[in-house]
Structures are given as C-alpha cells and as structure tokens.
2 protein chains.
Amino acid sequence: MSAVNLTKNQTLVLDVLTKSEAPLSAYTILDKLRDHGFRAPLQVYRALEKLLEFGLVHRLESLNSFVACAHREHSCCSHGTVAFAICESCGQVSEFHDHVVDDQLNAWTRGKGFKPSKTTIEIRGLCAACNS
Amino acid sequence: MSAVNLTKNQTLVLDVLTKSEAPLSAYTILDKLRDHGFRAPLQVYRALEKLLEFGLVHRLESLNSFVACAHREHSCCSHGTVAFAICESCGQVSEFHDHVVDDQLNAWTRGKGFKPSKTTIEIRGLCAACNS
DNA sequence: CAATTCATGTAATAACATTACGTGATGTAT
DNA sequence: ATACATCACGTAATGTTATTACATGAATTG
Ligand SMILES: [Zn+2]
Ligand SMILES: [Zn+2]
Ligand SMILES: [Zn+2]
Ligand SMILES: [Zn+2]
C-alpha cells in the first residue's frame, strides 16, 4: 500500500484537488486555501512537488494545472505511462493507461538509444457529454 | 507543396527556430530578434500563432517552448499525431510519427465517444549521445 | 472612394513559477 | 545533552511565460 504520511499542507492541497471536478492551477489552489492559512504560491508548489513525487497528483503540461491521480488504489505510476483525455468544454479529465502505446513508445526509444524519464500524453478535445 | 506566404515577422521567427539546435522560448526568440526590430513579446506570439496554424512550428508543452517542424516536406501534421523525444541534457528534440500509437489512442477516444482536437506526446529523457 | 480585413506596434497587465533567506521542529551522532 | 543535519514551513522578492487593450497603416474589395 501507499499510505505515505502527508504533512498538513500536502493534505490540504491533495484534498482540494480530490474534491475538484476539473484540474486546478497552483494559484487557484492557493486561493481555495487562503482560509486555511495559505498566503504564498510557494506553499502550494512545495506541496505539489511532494505529491507529484508520491504519485498522488499529476501535472497536466498543456494546462499548467494539476489533478489528483485517478488510480490511487493501484499505485498508478507503477504500471507505466499515464495518458489524459481533457475536455476543453467541461474541463473533465480521464486518466488511463494503455500498454500498447506504452510498449510502442518504449520500442521507439530503445531503438534510438534514448533513455526516457517521463512521458506526457495529453489528448485535448470534447468528451462524450459535451460532444453530443 | 505548402508554400504559404509568410509575413516578415513570421519569416524571421521561423528562421530563428530553424537555425536553432534546441527548442526556444518565446522570450528567447524575442531576444534573438531585437536586432531585427522586435521589441515586444506579442510580435513573437503573433508570429508563432500563425506558424503553428500552418504546421510549420510545434509547441512543446512540457517546455513552454517552440521548435520548427522537422517534417516540412511531408506537410507534417497531415499524417497524424506527432511525438517528441526531448533530451534533458543537450536539448535536442526528435520528432516522429507512430501509427500504432496514433491508432491506439484513436481507438480509445472512439470507444469513449471523446472527440480529440489536439494530442500531445512528449518523452523527456536522455538522448543516445548524452546517455553513453 | 468607403468599408473591411489583416499585419503590425506599444504599453500594460495577468498568469505561472522560482530564488533567497529565515525559523522552528525533529532526528542522530558524539 | 550538545552539536549537527534534515525537513517542513513562512515570507518576500523576483523571474518567466502569455494575454488584453488600444492604435496605426497597408492591402483588399465592393
Ligand atoms: Zn495516476
Ligand atoms: Zn466535456
Ligand atoms: Zn512536424
Ligand atoms: Zn542529449
């Protein structure tokens, strides 16, 4: 199991992200936590840094935003690369793993002698609901 | 052939990107073009916007930077999603297409009723040269 | 010749992220 | 127990990336 011991700030940030329907920017998180004593961006960025490290949160590069991991039970980051489908209308994000994609990208990097450290896959578009 | 008629500013920006070994941020481009009369970020962002539209340039989301398209002959964007392998040591970027990845992601989105508009695939790591 | 469109220029501001410095709590080795 | 290292935290300042608002001149079109 994961069961990392989170600090107060980390817990607050993770809670805000977990409760949110859509990804949040660091500054939005900051605003949501002003009542809990947050005053400066760094408080958020420091918590996010750890949460990313623990695999409890993902960063969406194409949005400069953050989401709680949707697969916490499985220790998400262990089963390879994660992909995100991001609805540009309602903001909803679906997180998924795909082994074929994963294997194929790994094959490419092996072939080139490229040593991957982190892979970003983000699909922007319209979700089924917004796309009727 | 593509042969879009570029404006002066678009040509300048594309030239800078084409000559560069590594991706450049908008502000770096701005600095490189001061001698050619560029004074403000917007001059760069406006040119980039068009160049992205024409498929002559790509944006690297994980770097907030831009690269000239490596496949200009083939009208790059026509053959599906592009992926990038980005060396975190030397900055070199390899652009490639992979139909299996492409098809697999399309299968996922079709299955979910998600209508994709733009897909980002970026692999950060170390290139063969930096990874000896 | 209007009227519209489009590339451009400039200034100001907004949004995102990091550096630098300092404090108190905790843990560990002598 | 004292010295030392580590870590979470707080605050201020600054750096980096991107957009909004407003104005001008050139090209296009009816
Ligand atoms: Zn996850
Ligand atoms: Zn939606
Ligand atoms: Zn390309
Ligand atoms: Zn390299």
Side-chain angles (χ1 to χ4, degrees), chain A residues 3-17 20 22-54 56-67 84 86 88 91 93 118 120 122 124, chain B residues 3-17 20 22-54 56-67 84 86 88 91 93 118 120 122 124:
Chain A
V4 188
N5 265 352
L6 299 181
T7 68
K8 180 161 165 280
N9 286 2
Q10 289 160 16
T11 306
L12 287 167
V13 169
L14 182 56
D15 282 356
V16 166
L17 284 175
S20 171
L24 299 175
S25 75
Y27 278 75
T28 304
I29 295 170
L30 175 57
D31 285 340
K32 287 184 184 290
L33 289 175
R34 295 225 185 255
D35 293 347
H36 294 267
F38 275 48
R39 317 294 317 263
L42 197 47
Q43 297 178 277
V44 177
Y45 283 110
R46 284 205 274 230
L48 287 171
E49 183 180 20
K50 289 298 182 181
L51 292 170
L52 289 166
E53 213 175 291
F54 300 152
L56 298 174
V57 161
H58 299 289
R59 177 185 166 87
L60 299 177
E61 301 289 352
S62 67
L63 292 175
N64 294 331
S65 295
F66 303 85
V67 282
F84 301 92
I86 303 166
E88 302 190 285
V93 173
K118 172 147 197 286
T120 297
E122 296 178 16
R124 306 281 294 266
Chain B
V4 189
N5 265 351
L6 298 181
T7 69
K8 180 162 166 281
N9 285 2
Q10 288 159 16
T11 306
L12 287 166
V13 169
L14 182 56
D15 282 356
V16 166
L17 283 174
S20 172
L24 299 175
S25 76
Y27 278 76
T28 304
I29 296 170
L30 174 57
D31 284 340
K32 288 183 184 289
L33 289 175
R34 296 227 184 250
D35 294 346
H36 294 267
F38 274 48
R39 317 294 316 264
L42 198 47
Q43 298 178 276
V44 178
Y45 282 110
R46 285 205 275 231
L48 286 172
E49 184 181 21
K50 290 297 182 182
L51 293 169
L52 289 167
E53 215 175 291
F54 301 152
L56 297 173
V57 161
H58 299 289
R59 178 184 164 87
L60 299 177
E61 300 289 352
S62 68
L63 292 174
N64 293 332
S65 295
F66 304 85
V67 282
F84 302 92
I86 303 165
E88 302 191 284
V93 173
K118 172 150 197 285
T120 298
E122 297 177 17
R124 307 281 295 266

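Worth knowing before you read on, the calculation uses all heavy atoms, side chains too, and leaves out hydrogens, waters and symmetry mates. Here is the naming used below: chain letters follow the sequence lines, and residue numbers restart at 1 for every chain.
- Applying the salt bridge (charged side-chain N to carboxylate O under 4.0 Å, His left out) test to residues at least two apart or on different chains, none of the pairs has a partner in residues 6-17 of chain B.
- Counting heavy atoms from C-beta on, the side chains of B/Val57 and B/Val13 never come closer than 4.5 Å.
- Shortest non-hydrogen contact noted between A/Tyr27 and A/Pro41 is OH-CG, 3.3 Å.
- For the pair B/Leu17 and B/Leu48, the minimum side-chain heavy-atom distance is below 4.5 Å.
- Close approach of DNA chain D to chain B, defined as any atom under 4.0 Å from a non-hydrogen atom of the protein, starts and stops at D/dT17 to D/dA21.
- Inter-residue side-chain proximity for B/Leu33 and B/Asn9 is flagged as unmet; no heavy-atom pair is nearer than 4.5 Å.
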Worksheet, complete the sentence: With B for base contact, S for sugar-phosphate-only contact and - for none (protein heavy atoms under 4.0 Å), nucleotides 9-21 of chain C reads BB-----BBBBB-
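- Applying the salt bridge (charged side-chain N to carboxylate O under 4.0 Å, His left out) rule to pairs touching residues 27-42 of chain B yields B/Asp31-B/Arg34, sequence neighbours excluded.
- Between A/Val67 and A/Phe84 there is a side-chain heavy-atom pair separated by less than 4.5 Å.
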Worksheet entry | Pair B/Leu6-B/Phe54, side chain to side chain contact (heavy atoms under 4.5 Å, CB included): steps then yes or no | CA-CA 10 Å; B/Leu6 298 181; B/Phe54 301 152; 3.7 Å; yes
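- A rotation axis mapping the C1' atoms of four pairs onto the next four is fitted at both ends of the helix from C/dC1-D/dG30 to C/dT30-D/dA1 over five pairs, and the angle between these axes is 30° to 10 degrees.
- Sorted by first and then second residue, the salt bridge (charged side-chain N to carboxylate O under 4.0 Å, His left out) pairs with a member in residues 56-66 of chain A read A/Arg59-A/Glu61; sequence neighbours excluded.
- The shortest side-chain heavy-atom distance between B/Phe38 and B/Leu12 falls under the 4.5 Å cut-off.
- Taking atom CG of A/Asn5 as the reference point, atom C1' of C/dA25 lies 16 Å away to the nearest angstrom.
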